[in-house]
Number of protein chains: 2
Amino acid sequence: MADATNAKRNKVVPDIVVGRLPLYLRTLIRLEEEGKIVTSSQELATRLGFSSAQIRKDLSHFGEFGKQGTGYNIAYLMQQLKNILNLDAMWDVALVGVGDLGHALARYGRFVPKGFRIAALFDADPRKIGTRVNNIPVQNSEHIVDAIKQAGIKIAILAVPLDVAQDTADRLVEAGVQAILNYAPTTLIVPPNVKVQNIDPIAHLQKMTYYCER
Amino acid sequence: MADATNAKRNKVVPDIVVGRLPLYLRTLIRLEEEGKIVTSSQELATRLGFSSAQIRKDLSHFGEFGKQGTGYNIAYLMQQLKNILNLDAMWDVALVGVGDLGHALARYGRFVPKGFRIAALFDADPRKIGTRVNNIPVQNSEHIVDAIKQAGIKIAILAVPLDVAQDTADRLVEAGVQAILNYAPTTLIVPPNVKVQNIDPIAHLQKMTYYCER
DNA sequence: TAGATTGTTAATCGATTAACAATC
DNA sequence: TAGATTGTTAATCGATTAACAATC
């Protein structure tokens, strides 16, 4: 591929920069909803609480998307970011663990419009297996490796109890999963080619209480 | 207060360091559950995927907690970290928005053992007001400012729809909330003395798809 | 004692920002 | 044109790591 975006793909982009791209995308969508056609690094910066230099610098890792004196065409930059983040087509996602949290995630309406479809549910509880959540059948997690392989699923959300989290992650890796959104409060050990993002509300709260006064 | 921990409180600790303390605490709890009495920066580092130097350096911001040649007494370091993070007593938390996610959070069993008690629920939906979730009554969010003030609540979890997120945050701030765990996919604008932590599964997933191959 | 590990220093590494030429 | 804003460079800022004296 010969365009600027992909020409720069070979250089390593800092992970912290990649992590900000979804926030840029989110903000652009918002601006578009407000009827705006173009924006600037300054406007994005104000919305996000970043510096405008950071936004320009971040984007410069991937190409040139703006016009001097004018700024960025919102629709164009959105499309470019979606392309960079591999969001051009829908991703199928496996959700493992259909407890309260898994249930809420299975019904979460924002996944599909943002490019993610919960395509398979797994649980170990025989009472849940065979039931449906949001019209998706809950499968026996004993068959998780084959089922995920067969479906070609590359992304998983892990919402299982702590004590089976690492074991489940091992099986997801075995099944070819490349990205795990981990809700279990533990550091998963996975091969370097597998990405993990952790969501732990307790850790977030405990970070903030450092600054809190009673 | 005269101990080493608080003597160092005056110097500004980098926010990124504070954010790692809950992970240290989490790992120490795990080690204690495994029956260990002492640990080392190296052991913690291996569990967390950090460097041992980083762990020693991070802790050094707050005092001296280890013994050369021996390492750290787990119970002692746990207690110190809890003290540093203001986790010695239970924090009351207000949960705003009792949708699927709010419902799951209200029933989440890990808050209490980790020092957080969901003490009040709020929702704008008349059909939900007056009902109970996990035996906590859902209050009318019209009265949120007074109710939170009266209860002296300093921490809130925001699980409301995007379009009312900023407005709700404004009211939380007005009510004296110092920390907001924000599940709405937007950057909240709050005064500098109010801490916000964002949890957005979509942003996490989109960060990982950058590295994924179909 | 010998071995192990801390706490700290200094060096390294990486990220952010200020500034500005280019140019729309 | 005049004003605005980009993309990039270089400087600054901050975080991480290597190394080691101190010492348990």
Side-chain angles (χ1 to χ4, degrees), chain A residues 3-5 7-9 11-21 23-24 27-28 31 36-78 80-81 84 207 210, chain B residues 3-5 7-9 11-21 23-24 27-28 31 36-78 80-81 84 207 210:
Chain A
D3 64 296
T5 302
K8 295 211 174 184
R9 272 271 168 96
K11 305 189 186 172
V12 175
V13 177
D15 196 57
I16 197 162
V17 172
V18 176
R20 283 190 292 259
L21 299 185
L23 306 183
Y24 298 160
T27 307
L28 290 166
L31 288 165
K36 297 214 170 69
I37 303 296
V38 295
T39 187
S40 64
S41 58
Q42 184 50 59
E43 186 171 42
L44 289 168
T46 302
R47 297 260 179 159
L48 285 161
F50 302 157
S51 76
S52 65
Q54 179 166 76
I55 288 171
R56 294 197 301 278
K57 176 103 213 204
D58 282 357
L59 294 176
S60 77
H61 284 99
F62 304 97
E64 305 187 358
F65 307 112
K67 275 204 184 71
Q68 283 105 323
T70 308
Y72 303 93
N73 178 286
I74 291 173
Y76 176 72
L77 183 51
M78 272 177 54
Q80 292 297 308
L81 287 175
I84 291 164
K207 176 179 176 178
Y210 174 79
Chain B
D3 64 296
T5 302
K8 294 211 175 187
R9 271 273 169 96
K11 305 190 184 174
V12 175
V13 177
D15 195 57
I16 197 161
V17 172
V18 176
R20 282 191 291 259
L21 299 185
L23 306 183
Y24 298 160
T27 307
L28 289 166
L31 288 165
K36 297 213 169 69
I37 303 296
V38 295
T39 186
S40 64
S41 59
Q42 183 51 60
E43 186 171 42
L44 289 167
T46 303
R47 297 260 180 158
L48 285 161
F50 300 158
S51 77
S52 65
Q54 179 165 75
I55 288 171
R56 294 197 301 278
K57 176 101 210 201
D58 283 357
L59 295 177
S60 77
H61 284 98
F62 304 97
E64 305 187 359
F65 308 111
K67 276 204 182 71
Q68 282 105 324
T70 308
Y72 302 93
N73 178 286
I74 291 173
Y76 176 72
L77 184 53
M78 272 175 55
Q80 292 297 307
L81 287 175
I84 291 164
K207 176 179 177 180
Y210 174 79

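Below, chains carry the letters A, B, ... as their sequence lines are ordered, and counting in each starts from 1.
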For D/dA10, give the paired nucleotide (Watson-Crick: N1-N3 plus N6-O4 or O6-N4; G-U: N1-O2 and O6-N3; both under 3.5 Å), or none. C/dT17
Between C/dT5 atom P and B/N73 atom CG, what is the distance in whole Å? 15 Å
When you measure from the side-chain N and O atoms of A/Y72 to the phosphate of D/dA4, is any distance below 4.0 Å, counting only OP1 and OP2? no
Quick one, B/R20 and B/F50 - any side-chain contact, counting heavy atoms below 4.5 Å? yes
From C/dT16, C/dT5, D/dT6, pick the nucleotide closest to the side chain of A/S40? D/dT6
Round to a whole Å and report the spacing from CZ of A/F65 to C1' of D/dG7. 12 Å
With nearest nucleotides of DNA chain C determined for A/V17 and A/K67 from heavy-atom distances, which residue corresponds to the more 5′ nucleotide? A/V17
Rounded to whole angstroms, how far apart are CD1 on B/I74 and P on C/dT5? 13 Å
Carefully, step by step, assess A/S60 and A/R56 under the rule side chain to side chain donor-acceptor pair (under 3.5 Å). CA-CA 6 Å; A/S60 77; A/R56 294 197 301 278; over 6 Å; no
Set out, line by line, the N/O atom pairs under 3.5 Å between protein and nucleotides 17-21 of chain D.
residue : atom : partner : partner atom : Å
D/dT17  : OP2  : B/S51   : OG           : 2.9
D/dA19  : N6   : B/R56   : NH2          : 3.1

Round to the nearest Å and state the distance from B/L44 atom CG to C/dG7 atom P. 12 Å
For A/F65 and A/Y76, take the angle between the two ring planes, folded into 0 to 90°, and tell me which bin it lands in: parallel under 30, tilted 30 to 60, perpendicular over 60. tilted
Tell me, do B/T39 and B/T27 make a side-chain contact under 4.5 Å, heavy atoms counted? no
Applying the 3.5 Å cut-off to both distances, the Watson-Crick or G-U partner of D/dA22 turns out to be C/dT5
Can you check the B/E64 CD to D/dT23 P distance for me, whole Å? 10 Å
Using the side chain to side chain contact (heavy atoms under 4.5 Å, CB included) rule, take B/F62 and B/L81 through it: C-alpha gap first, then chi angles, then the decisive distance, then the call. CA-CA 9 Å; B/F62 304 97; B/L81 287 175; 5.8 Å; no
Starting at CD1 of B/I55 and ending at C1' of C/dT5, how long is that distance when rounded to a whole Å? 13 Å
Take a 6.0 Å sphere around NZ of A/K36 and say whether it holds more than 12 heavy atoms from other residues, nucleotides or ligands. yes
Rounded to the nearest angstrom, tell me the gap between atom CG in A/D15 and atom P in D/dA15. 17 Å
For residues B/Y24 and B/L44, determine if any side-chain heavy atom of one lies less than 4.5 Å from a side-chain heavy atom of the other. no
DNA chain C: 5'-proximal contact among B/G66 and A/T70 (nearest heavy atom): B/G66
With a non-hydrogen cut-off below 4.0 angstrom, is B/S41 in contact with a base, only sugar-phosphate, or nothing? sugar-phosphate
Ignoring backbone atoms, test whether A/R20 places a side-chain nitrogen or oxygen under 4.0 Å from the OP1 or OP2 oxygen of C/dA15. no
I need the CG-P distance between B/L59 and C/dT5, as an integer number of Å. 16 Å
